[in-house]
Peer 1: 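Dropping the structure in here first, questions after.
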Number of protein chains: 2
Amino acid sequence: MVSVDVVAVRFAVTEATPSVAIIRRDREPFAGELALPGVLLGRGERLYDAALRAITGKVGLPPEHIRGVGQLATFDEPLRDPRGPTLSLSMWAVVDPAAPVDTASWFAFGQVPHLAFDHGPILEVARAALAGLLWRDRTFTRAILGEEFSTARALALAEALSGSRPDRGNLNRMLRSMPGLQQAEAAVRSGGPGRPYQPWVWT
Amino acid sequence: MVSVDVVAVRFAVTEATPSVAIIRRDREPFAGELALPGVLLGRGERLYDAALRAITGKVGLPPEHIRGVGQLATFDEPLRDPRGPTLSLSMWAVVDPAAPVDTASWFAFGQVPHLAFDHGPILEVARAALAGLLWRDRTFTRAILGEEFSTARALALAEALSGSRPDRGNLNRMLRSMPGLQQAEAAVRSGGPGRPYQPWVWT
DNA sequence: ACAATAGTGTCTTTAAGACATTATGCG
DNA sequence: CGCATAATGTCTTAAAGACACTATTGT
């Protein structure tokens, strides 16, 4: 038996940090407990499709709100599932924060409660892996930050994934030197006090 | 069905470059063709144990000659196996070059002939992944270079994995600054002409 | 004016690339 | 000696860290 477990993240402009989809299990084992959304891999099914199925089925989001999917690692501890030995192929996914209501709870990294199975360790591995993908993997970076983003959001994202907050000026310099990324001319007022920001836009 | 396919590498002092174990399949599908050593994952079996089983069974090496094992990636193309949809969990392994006779053919990266299944692409992914592990993953690096190695061998290894040969002086400088690695006092004559080398030893 | 936020500039440190120079062996 | 191989030193460039300074808004 092979399950595909998904670390689905979103980063809404209305939220200070990215968050992860956690669902309450409605079936045994661990019925009623919290876990990552996951499905059993169907025969001949692709990992990408299984991840989509986990998000649409367990989180309740239509597939067009999924902006990126990728592999993480395989967890093979034989006792990880009380039903018997099961492999977990873990995947990451980025979903559109402007998505309709869903059936998941969303937690910031680091505030996720205890999870069923070995999903706690899986989540930790995922966070470290995503920290490595940020800025290096254009697909992931663009998916989670969106088409236009402020340096402040880039700062918050990097801090949430890596655990330490980069220097604002240094991050700006890095973004400036990044191919395929440009700084908009027009400044945008954020609403509160402070200087307006110049959004970063992908080309 | 889940298969575990192993990219088993060794780097003998008698060889100029590292090489990969390739076996000739004795069963369908692709009987008689070349492929990576692989086994079907048993129920409740750990990936590490399956990789060991592939090496002992298909390559014919005793398990004590295996110096390191790790995960690579999952290949899920439904048509990759003519028997029907099969997942391939690919792994790397490093085997002791001072091993007894085995039943595999050993090819240098880049000189491997056409392989059955999707093992060609898997091997390419593996090579890139191992290039990333070199110097960063102490376990892999120590396993493939051995307890004592010359800068010349480090150069050859880096070139074989990454495709480009680093500068000798720069590599020496990097090794000098690497924690857990020391340069032996006594120089070793290599046999041929040229200045003796000071081996690098792990601490 | 002042606090809050954003952007820019600069000095320093570190890592890496390129390449010359010196050292030690074999024939 | 001449050639092959190894080690070291140096100049330069690129990237990153730390931090000061300026700019623009809301109250």
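In what follows, chains carry the letters A, B, and so on, assigned in the order in which the sequence lines appear, proteins first and then strands, with residues in each chain numbered from 1. Computed from a predicted structure; not experimentally measured.
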Peer 1: What contact category does B:Gly192 fall into here, base, sugar-phosphate, or nothing, at under 4.0 angstrom with non-hydrogen atoms?
Peer 2: sugar-phosphate
Peer 1: Using whole Å, report how far CD of B:Gln198 lies from P of D:dT5.
Peer 2: 18 Å
Peer 1: Report yes if the side chains of A:Asp76 and B:Tyr48 come closer than 4.5 Å at any heavy-atom pair, otherwise no.
Peer 2: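 A:Asp76 vs B:Tyr48: side chains apart.
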Peer 1: Between the base of C:dG17 and the side chain of B:Arg173, is there a donor-acceptor distance below 3.5 Å?
Peer 2: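 Answer is yes: a donor-acceptor pair is held.
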Peer 1: Nearest whole Å is fine: how far is D:dA6 P from B:Arg168 CZ?
Peer 2: 4 Å
Peer 1: Could you state the CZ-P distance from A:Arg195 to D:dT27, rounded to the nearest angstrom?
Peer 2: 19 Å
Peer 1: Between the base of C:dA16 and the side chain of B:Asp167, is there any donor-acceptor pair under 3.5 Å?
Peer 2: no
Peer 1: Looking only at side-chain atoms of A:Pro196, point me to the closest of C:dA6, D:dA7, D:dT25.
Peer 2: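 Looking only at heavy atoms from C-beta outward on A:Pro196, the closest nucleotide is D:dT25.
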Peer 1: Can any side-chain N or O of B:Ser190 pair as donor or acceptor with the backbone N or O of B:Pro196 at less than 3.5 Å?
Peer 2: no
Peer 1: Assign the ring pair B:Trp202 / B:Phe149 to parallel, tilted or perpendicular, where the plane angle (0 to 90°) is split at 30° and 60°.
Peer 2: tilted
Peer 1: Tell me what B:Ala187 touches on the nucleic acid: a base, only sugar-phosphate, or nothing, going by heavy atoms under 4.0 Å.
Peer 2: nothing
Peer 1: Please report the distance, rounded to the nearest Å, between CE in B:Met178 and P in C:dA16.
Peer 2: 12 Å
Peer 1: With no hydrogens and no angle check, is any side-chain donor or acceptor of A:Gln71 less than 3.5 Å from a backbone partner on B:Thr74?
Peer 2: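 Yes; at least one donor-acceptor contact below 3.5 Å.
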Peer 1: If you assign each of A:Pro193 and B:Leu155 to its closest nucleotide in DNA chain D, which residue comes earlier from the 5' end?
Peer 2: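 Comparing both residues, the 5'-ward one is B:Leu155.
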Peer 1: Measure CD/A:Gln183 against C1'/C:dA6 and give the value in whole Å, please.
Peer 2: 10 Å
Peer 1: Counting heavy atoms from C-beta on, name the nucleotide in D:dC19, D:dT25, C:dT22 closest to the side chain of A:Arg189.
Peer 2: D:dT25
Peer 1: Given atom CZ of B:Arg176 and atom P of C:dT14, what is their separation to the nearest angstrom?
Peer 2: 17 Å
Peer 1: Can you say whether a donor on the side chain of B:Asn170 sits under 3.5 Å from an acceptor on the base of C:dA18, or the other way round?
Peer 2: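 In this structure, the two groups form a donor-acceptor pair.
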Peer 1: To the nearest Å, give me how far apart CG (A:Leu171) and P (D:dG17) are.
Peer 2: 11 Å
Peer 1: Measure across A:Ala116 and A:Glu33 and return the closest heavy-atom pair with its distance rounded to 0.1 Å.
Peer 2: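 The answer is CB-OE1, 4.0 Å.
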Peer 1: Starting from P on D:dA6, measure out to CZ on B:Arg165 and report it in whole angstrom.
Peer 2: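 So the CZ-P distance, B:Arg165 to D:dA6, works out to 9 Å.
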Peer 1: Within the pair B:Thr151 and D:dA7, is there a side-chain N or O less than 4.0 Å away from OP1 or OP2?
Peer 2: yes
Peer 1: How would you label the contact of A:Ser190 with the nucleic acid (heavy atoms, under 4.0 Å): base, sugar-phosphate, or nothing?
Peer 2: nothing
